[in-house]
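These notes concern the structure reproduced below.
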Amino acid sequence: MLDIKRIRNNPDEVKKAIELKKENSNIDEFLKIDEKRREILKELESLKNTRNKESENIAKLKKEGKDAEELIKEMKEISDKIKEMESEVKQYDEKLEELLWTIPNIPHESVPVGDSDADNVEIRRWGEVREFDFEVKPHWDIGVELGLLDFEAASRVTGSRFTFYKGLGCRLERALINFMMDLHTEKHGYTEVFPPFMVHRRSMFGTGQLPKFEEDAFKVAGTDYFLIPTAEVPVTNMYRETIIDGEKLPIYNCAYSACFRQEAGSAGRDTRGLIRQHQFNKVELVKITEPEKSYEELEKMVSDAEDVLKALGIPYRVVSICTGDLGFTAAKKYDLEVWMPSYGRYVEISSCSNCEDFQARRANIKYRPKDGGKAQYVHTLNGSGVAVGRTFAAILENYQQKDGSVVVPEALRTYMRCDVIRK
RNA sequence: GGAGAGAUGGCUGAGUGGUCGAAAGCGCUCGCCUCGAAAGCGAGUGGGCGGAUUCCCGCCUCGUGAGUUCGAAUCUCACUCUCUCCGCCA
């Protein structure tokens with residue numbers, strides 16, 4: 001959510017940002033309604049002022065034992081008029097809110113301008129892409145053949161885009177979660193949080209999943225709860241409606257959670273394998289910072305996520321997401337993409353975003369500066385550290401061997417208690 | 001699921017129809033005191049919106065929403081949440 005004053009004072013900046021983001025929001029209509037609202041508000045407030053003053057007079061008159069009937073009659077009329085105007089203002093408020101909720105965040109000046117993911121800018125690469133002297137298999141074949149994954153059983157039990165993990169597959173999934181959580185808590189200074197996997201509507205709203213993207217979320221029937229699409233939602237909303245002591249910033253939290261997504265609009269894409277599931281595991285990093293520090297913290301967060309891939313020895317690249325591909329809440333976003341041999345290209349495994357105060361406004365998260373000044377909005381950041389299912393897939397593909405077995409990356413061996421996964 | 005209690009500013013907690021946006025305490029900021037600190041003393045200190053933007057003025061805000069009234073933190077209704085006890089269940 002943007003500051004209304006920012007829209008009012010710099011409408012062109014906002015319009016341009018929306019255009020760059022390939023969104024459409026009607027700023028002109030917003031401004032028109034905003035102006036009308038204020039016009040009425042001015043009149044309404046002066047009426048209320050009269051009522052307040054005269055009510056005081058009535059109290060005085062009554063105390064002195066004098067007759068106030070005349071004045072009371074007058075005020076009754078004013079009160080009726082006030083009610084009328086209040087409902088009018090309310091109508092304008094509702095329209096403004098509706099518009100405001102759907103205006104996206106404004107890209108940071110350092111974000112590359114572009115139309116689509118084709119215009120994203122590669123920042124750096126790490127790791128050697130392995131040369132295979134045999135025909136590489138996709139991870140879903142490797143996983144099924146080694147008895148680690150069972151997509152068929154899942155479709156019998158639930159439906160498409162779900163899977164069973166089995167045996168060492170389960171252990172590998174757990175190993176990845178534990179390895180990532182240990183790395184972030186012990187080496188990167190994050191505090192571990194285990195969140196609810198369901199949240200109410202206001203939390204979904206706070207982090208920007210609602211109202212625009214309701215069709216992407218799973219709603220629990222008969223309740224007002226949504227299954228979380230990412231731990232970003234509960235872990236950021238942990239601080240909703242609060243004022244944080246400035247001494248406590250920056251806050252670094254990390255959380256493992258299952259994530260649930262409808263994947264509306266991607267029917268037919270990535271139908272096989274672990275890449276696009278309705279339910280997947282993820283380790284999420286969330287930071288709450290002072291506004292001045294958030295961009296510095298974003299760079300550090302990206303590097304924290306990179307450390308996971310470096311430790312696992314999976315080749316990756318870092319991409320700066322262009323304006324047209326940015327998403328609704330982010331002011332700036334980096335993706336980490338891992339090399340997937342069967343795809344012959346890099347595939348997204350992490351997104352790290354600085355939302356600046358966009359979510360903080362929606363969720364009403366403020367901090368009290370150390371010098372004791374006025375409370376102001378924090379900046380919120382979130383990033384995958386990293387998507388577990390996709391990491392699972394990347395390991396299977398990058399560490400596969402000619403005989404169909406998969407070498408366990410060194411960093412995972414204490415967790416896996418084996419060097420190789422074979423039939 | 002049944003019964004009850006409660007929701008007030010950063011925190012604790014008074015306040016049951018008329019200068020109450022709200023006592024008191026804590027915390028915080030500034031000043032005095034001090035070599036310095038603590039203690040002590042003094043002053044200040046919620047948020048949102050609108051208007052003038054050097055001082056400032058107005059409106060709203062006591063869980064949320066409606067209602068009664070000239071006037072609501074205070075009365076009525078609905079809802080949400082928290083706590084206690086009982087029942088049931090991982």
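Just so we're on the same page: letters track the sequence lines, and every chain starts at 1. When reading the values below, keep in mind they use all heavy atoms of this one structure, side chains included, and skip hydrogens, waters and symmetry mates.
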Checklist line | Rounded interatomic separation in angstrom, taking CD from A:E86 and P from B:U61 | finding: 9 Å
Next item on the list: Indicate, with a heavy-atom threshold strictly under 4.0 Å, whether A:K83 touches base, sugar-phosphate, or nothing.
Entry: sugar-phosphate
Check: A:K293 and A:E296: salt bridge (charged side-chain N to carboxylate O under 4.0 Å, His left out), yes or no, with the steps?
Finding: CA-CA 6 Å; A:K293 304 275 173 62; A:E296 204 180 298; over 6 Å; no
Check: Touch check for A:L71, heavy atoms < 4.0 angstrom, all strands: base, sugar-phosphate only, or nothing?
Finding: nothing
Item checked: Given B:C60, B:G48, B:G18, the nucleotide with the shortest approach to the side chain of A:A59 -> B:G18
Next item on the list: Would you mind classifying the nucleic acid contact of A:R361 as base, sugar-phosphate or nothing, using non-hydrogen atoms under 4.0 angstrom?
Entry: nothing
Next item on the list: Might you work through the side chain to side chain contact (heavy atoms under 4.5 Å, CB included) test for A:R390 and A:I275, ending with a clear yes or no?
Entry: CA-CA 6 Å; A:R390 288 187 180 185; A:I275 299 304; 3.7 Å; yes
Check: When all nucleic acid strands are considered with a 4.0 Å heavy-atom cut-off, which category describes A:R202: base, sugar-phosphate, or nothing?
Finding: nothing
Item checked: Under 3.5 Å on both distances, the Watson-Crick or G-U partner of B:A66 -> B:U76
Check: B:C49, B:C60, B:A66: which one has an atom nearest the side-chain heavy atoms of A:R51?
Finding: B:C60
Check: Does NZ or CZ of A:R362 come closer than 6.0 Å to the centre of the six-membered ring of A:F205, within 45° of the ring's axis?
Finding: yes
Margin query: Is any side-chain heavy atom of A:V220 closer than 4.5 Å to one of A:L227?
Written below: yes
Item checked: Complementary nucleotide for B:C89 - Watson-Crick or wobble, under 3.5 Å -> none
Margin query: Can you identify which nucleotide, out of B:G65, B:C70, B:G50, has its nearest atom closest to the A:M75 side chain?
Written below: B:C70
Check: On RNA chain B, nearest-nucleotide positions of A:E56 versus A:Y377: which is more 5'?
Finding: A:E56
Note to self: From C-beta outward on A:R368, which listed nucleotide comes closest to its side chain: B:G10, B:C60, B:G51?
What the structure shows: B:G10
Next item on the list: Once you apply the 3.5 Å cut-off to both distances, tell me the Watson-Crick or G-U wobble partner of B:G71, or none.
Entry: none
Checklist line | Watson-Crick or G-U counterpart of B:C59, or none if no pair lies under 3.5 Å | finding: B:G48
Item checked: Identified pairing partner of B:U53, criterion: Watson-Crick or G-U wobble below 3.5 Å -> none
Margin query: Using a 4.0 Å heavy-atom cut-off, does A:N57 contact any base of the nucleic acid, only the sugar-phosphate backbone, or nothing at all?
Written below: nothing
Next item on the list: Go through B:G65, B:G58, B:C60 for me and flag the one nearest to the A:K90 side chain.
Entry: B:G65
Next item on the list: Please confirm whether any donor atom in the side chain of A:E45 sits under 3.5 Å from an acceptor in the base of B:G58, or the reverse.
Entry: yes
Checklist line | Rounded distance (Å) that lies between atom C1' of B:C60 and atom CZ of A:R38 | finding: 17 Å
Checklist line | Watson-Crick or G-U wobble partner of B:C11, both distances under 3.5 Å | finding: B:G25
Notebook entry, point to check: Base, sugar-phosphate, or nothing for A:K60, non-hydrogen atoms under 4.0 angstrom?
Noted result: nothing
